[in-house]
Number of protein chains: 2
Amino acid sequence: MNVQLLNKKEAIFESTLTLINENGFHGTPMSQIASHANVATGTIYHYFSSKDELITELFAHCRVKTNEHIFNVEASLSYKEKFFYIWNRLVDYYLANKKVFWFIEQFYSSPYYELIQQTKNPSYYGADRMRMFFEEGIQAGIIRDVSFPTLISLYIGAATSHVKMVTYGFCKAQKQGREDLIEIIWNGVKNQ
Amino acid sequence: MNVQLLNKKEAIFESTLTLINENGFHGTPMSQIASHANVATGTIYHYFSSKDELITELFAHCRVKTNEHIFNVEASLSYKEKFFYIWNRLVDYYLANKKVFWFIEQFYSSPYYELIQQTKNPSYYGADRMRMFFEEGIQAGIIRDVSFPTLISLYIGAATSHVKMVTYGFCKAQKQGREDLIEIIWNGVKNQ
DNA sequence: GTTTAGCAATTGAACGTTCATTCGGTTGCA
DNA sequence: TGCAACCGAATGAACGTTCAATTGCTAAAC
């Protein structure tokens, strides 16, 4: 697969992301994706066997990209620093890539997600590194032994809620709110 | 509008909720909603002018029902007790009405939400009572003076994330996790 | 160095289906 | 008598997908 082909697939991904953000899964015909990406309708079916596969693969693609970005962290940092750093990287990434954020949100809360949960494709699971990171902190006695879903609910839940607030325009003093949030979570989960 | 009519409208709402949960906004034809609700297709158009209006009104309906439920709280409780009580009511309500929860989630992350944000219909705003409740705590000096979006991100964000975890089947020890969550949030926002 | 075969990439019109919406007619209540 | 509620077949537009035809590239054959 040469560069040109990669570009076409990327263009299809990018157009799908943009149009689904504007019009939703329905309301985004393949023909529209095609013309937005400057390819013919049939070309999409050269890369993806169906609209469902296109959307499902785009989801996996977004997850991989997001994970690559947020876990790109200096090993020399202290655990606490990493705890803050990764969270801020996540919020930054979503704010800078709102289309990715909303596509993932839309996908999670749609029946699509149940479909891919049944498959075993590891690309769909993004939580492994997060789990490892939390376990590292628990085993070192730095954070409390709280269950993984609880930690995720706090850490990821607060990050996504914050991004939603900013996107909806409910959040004026963004910087202060962000710092408060992650500090409250840290204080809640750290030992002592 | 007599009782029979209310029942029909309720039946249409209920069927829409069920089918959209299973198949999404797309994948749920009006004809299917009609037969599931035991009415003719045309009847839906007697109550709603379009599919979009049906979905938008269903959203407002769900929000009102949810708010009615969670803010039904004993005035005699202390602020801290109310803080815990309302949060648990919210989680309970969503867990007992998963279809409502997922419909709201799907709606929020879809382009529908942007549409209704432009309207001035107060039914669509569910945050007012939550804001009042937080302001009450801040003014009484019981909770820290943290911005409203920050409080919402923690309080609602953690609740919805928890419900998602349970629904996805990631959350085994549900009871402990719930208690940990709201306690961590309380400790993070209370004064002293 | 040119030819040629073959396959991947690409096209967009055409197909068949599905779906939101309409509408002319019926029922039932006031 | 009139009007609201209700019906469901009919309509027409939109959409996912297919496919026969074309282009462009690569590499083997000469």
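Keep in mind the model is a prediction, meaning the values are calculated, not measured.
- Counting heavy-atom neighbours within 6.0 Å of Glu179(A) CD, excluding the residue itself, gives a total above 12.
- At whole-Å resolution of the value, CD1 in Ile44(B) and C1' in dA5(D) are 14 Å apart.
- Counting heavy-atom neighbours within 6.0 Å of Lys65(A) NZ, excluding the residue itself, gives a total of 12 or less.
- Under a cut-off of 6.0 angstrom, the local environment of CD in Glu22(B) is crowded, with over 12 non-hydrogen atoms contributed by other residues, nucleotides or ligands.
- Between Phe148(B) and Phe170(A), the gap from one ring centroid to the other reaches at least 6.0 Å.
- Asn21(A) meets the side chain to side chain donor-acceptor pair (under 3.5 Å) test with no other residue; sequence neighbours excluded.
- The side chain of Ala40(B) lies closest to dG8(D), out of dG8(D), dT10(C), dG16(D).
- dT10(C) atom C1' lies 16 Å from atom NZ of Lys9(A), rounded to whole Å.
- One interatomic measurement links the two molecules: CZ of Phe48(A) to C1' of dT18(D), which rounds to 18 Å at whole-angstrom precision.
- Rounded to whole Å, the distance from CD1 on Ile12(B) to P on dA5(D) is 12 Å.
- The stretch residues 22-35 of chain B touches DNA chain C through Thr28(B), Pro29(B), Met30(B), each having a heavy atom under 4.0 angstrom from the strand.
- In this structure, NE2 of His46(A) is placed 18 Å from P of dT23(D), rounded to the nearest angstrom.
- The distance between atom CG of Asp52(B) and atom C1' of dC19(C), rounded to the nearest whole Å, is 14 Å.
- Ranking dT21(C), dT17(D), dC7(D) by closeness to the Thr41(A) side chain, first place goes to dT17(D).
- Contacts of Phe107(A) classified as ring-ring contact (aromatic ring centres under 6.0 Å, His included), with partners at least two apart in sequence or in another chain: Phe59(A), Tyr112(A).
- Counting only heavy atoms from C-beta on, Tyr45(A) has its side chain closest to dT18(D) among dT11(C), dC6(D), dT18(D).
- Aromatic pair Trp102(A)/Tyr168(A): ring centres closer than 6.0 Å.
- In this model, the phosphate group of dT10(C) is approached by a side-chain N or O of Lys8(A) to a distance below 4.0 Å at OP1 or OP2.
- Atom CG in Asn7(B) sits roughly 10 Å away from atom P in dC6(D) (whole-Å rounding).
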